[in-house]
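Input: a single structure, listed below in structure tokens.
Values below: all heavy atoms of this structure, side chains included; hydrogens, waters and symmetry mates excluded.
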Amino acid sequence: MSTTQSERLRELLEPLVTSQGLDLEEIAVDSVGRKRVLRVVVDSDSGADLDAIADVSRALSAKLDETEAMGDAAYDLEVGTPGAERPLTEHRHFVRATDRLVKFQLTEDGELVARILAVDEEGLDVEVPGVKGRKATTRRIAFPQIAKARVQVEFNRKDTKDKKEEEA
């Protein structure tokens, strides 16, 4: 049984990332011109701030230098977070996206854009926005019904503004 370089790197680096209070979401080794780039994506339930990313980056760099897991050739290490429009692929991703607007590609019913209200082990409760003056409706989506899901960026979310104004 052979393992890929990404799998070996994951085995080496995941315990280190976890010890920093983060989840290792993705590892990719890419060639950019003559250089190689090791991209490491980390996240946590409360998000990963710049200090946490800097700390884990230093720890990963030291571990990689110590083990020579990347070999002798030069490479750049890039550590970051998944980004605003991240795909949701694991249970923890859906939990972290609670209260966010998500575009779902469903296995049988086409596409659906809805806000995640709650997540449990079987699936999601979502709110589907009303169209043309209709009220929003709630819906249950089981995980097996979801082919793809991606968080959507919202620039002017009306109900968030209203909550902030009420609190002031």
- Would you say the side chain of V40 lies within less than 4.5 Å of the side chain of L60, judging by non-hydrogen atoms? yes
- Are the side chains of I116 and R100 in touch, meaning some heavy atoms are under 4.5 Å apart? no
Is any side-chain N of the basic residue among [X] and [Y] closer than 4.0 Å to the acidic one's carboxylate O?
{"X": "D125", "Y": "R115", "result": "no"}
{"X": "E11", "Y": "R8", "result": "no"}
{"X": "E25", "Y": "R92", "result": "yes"}
{"X": "E111", "Y": "K103", "result": "yes"}

What pair of heavy atoms forms the shortest contact from [X] to [Y], and how long is it?
{"X": "A73", "Y": "R36", "value": "O-NH2, 3.2 Å"}
{"X": "A114", "Y": "P129", "value": "CA-CD, 4.2 Å"}
{"X": "L22", "Y": "A52", "value": "CD1-O, 4.3 Å"}
{"X": "R139", "Y": "V128", "value": "CB-CG2, 4.4 Å"}
{"X": "V119", "Y": "F94", "value": "CG2-O, 3.6 Å"}
{"X": "I53", "Y": "A48", "value": "CD1-O, 3.9 Å"}

- Item | Intermediate values then yes/no, side chain to side chain contact (heavy atoms under 4.5 Å, CB included), I146 and T107 | CA-CA 6 Å; I146 302 170; T107 55; over 6 Å; no
Report whether [X] and [Y] are members of the same hydrophobic cluster (ILVMFWY, side-chain heavy atoms less than 4.5 Å apart, transitive linking).
{"X": "M70", "Y": "V37", "result": "no"}
{"X": "L77", "Y": "V29", "result": "yes"}
{"X": "L106", "Y": "V151", "result": "yes"}
{"X": "Y75", "Y": "V56", "result": "yes"}
{"X": "V41", "Y": "L16", "result": "no"}

Would you check if the side chain of [X] reaches a backbone N or O of [Y] as a donor-acceptor pair within less than 3.5 Å?
{"X": "R39", "Y": "V79", "result": "no"}
{"X": "R96", "Y": "S46", "result": "no"}
{"X": "H93", "Y": "R150", "result": "no"}

Going from [atom1] on [X] to [atom2] on [Y], what distance comes out if it is rounded to the nearest 0.5 angstrom?
{"X": "L64", "Y": "L38", "atom1": "CG", "atom2": "CG", "answer": "6.0 Å"}
{"X": "S57", "Y": "E78", "atom1": "OG", "atom2": "CD", "answer": "10.0 Å"}
{"X": "D55", "Y": "Q20", "atom1": "CG", "atom2": "CD", "answer": "6.0 Å"}
{"X": "L124", "Y": "L117", "atom1": "CG", "atom2": "CG", "answer": "9.5 Å"}
{"X": "E121", "Y": "F143", "atom1": "CD", "atom2": "CZ", "answer": "7.5 Å"}
{"X": "D45", "Y": "D23", "atom1": "CG", "atom2": "CG", "answer": "6.5 Å"}

- Task: Starting from the C-alpha separation in whole Å, work towards a yes-or-no answer on salt bridge (Lys or Arg N to Asp or Glu O under 4.0 Å) for D120 and R140.
- Result: CA-CA 11 Å; D120 59 34; R140 177 77 179 167; 2.8 Å; yes
- side chain to side chain contact (heavy atoms under 4.5 Å, CB included) assessment of T18 paired with L24: CA-CA 7 Å; T18 303; L24 179 59; 6.0 Å; no
- Task: Using the side chain to side chain contact (heavy atoms under 4.5 Å, CB included) rule, take T4 and E7 through it: C-alpha gap first, then chi angles, then the decisive distance, then the call.
- Result: CA-CA 5 Å; T4 66; E7 290 169 339; 3.3 Å; yes
- Task: Run the numbers on F104 and V126 for side chain to side chain contact (heavy atoms under 4.5 Å, CB included), then give the verdict.
- Result: CA-CA 11 Å; F104 296 94; V126 299; 4.2 Å; yes
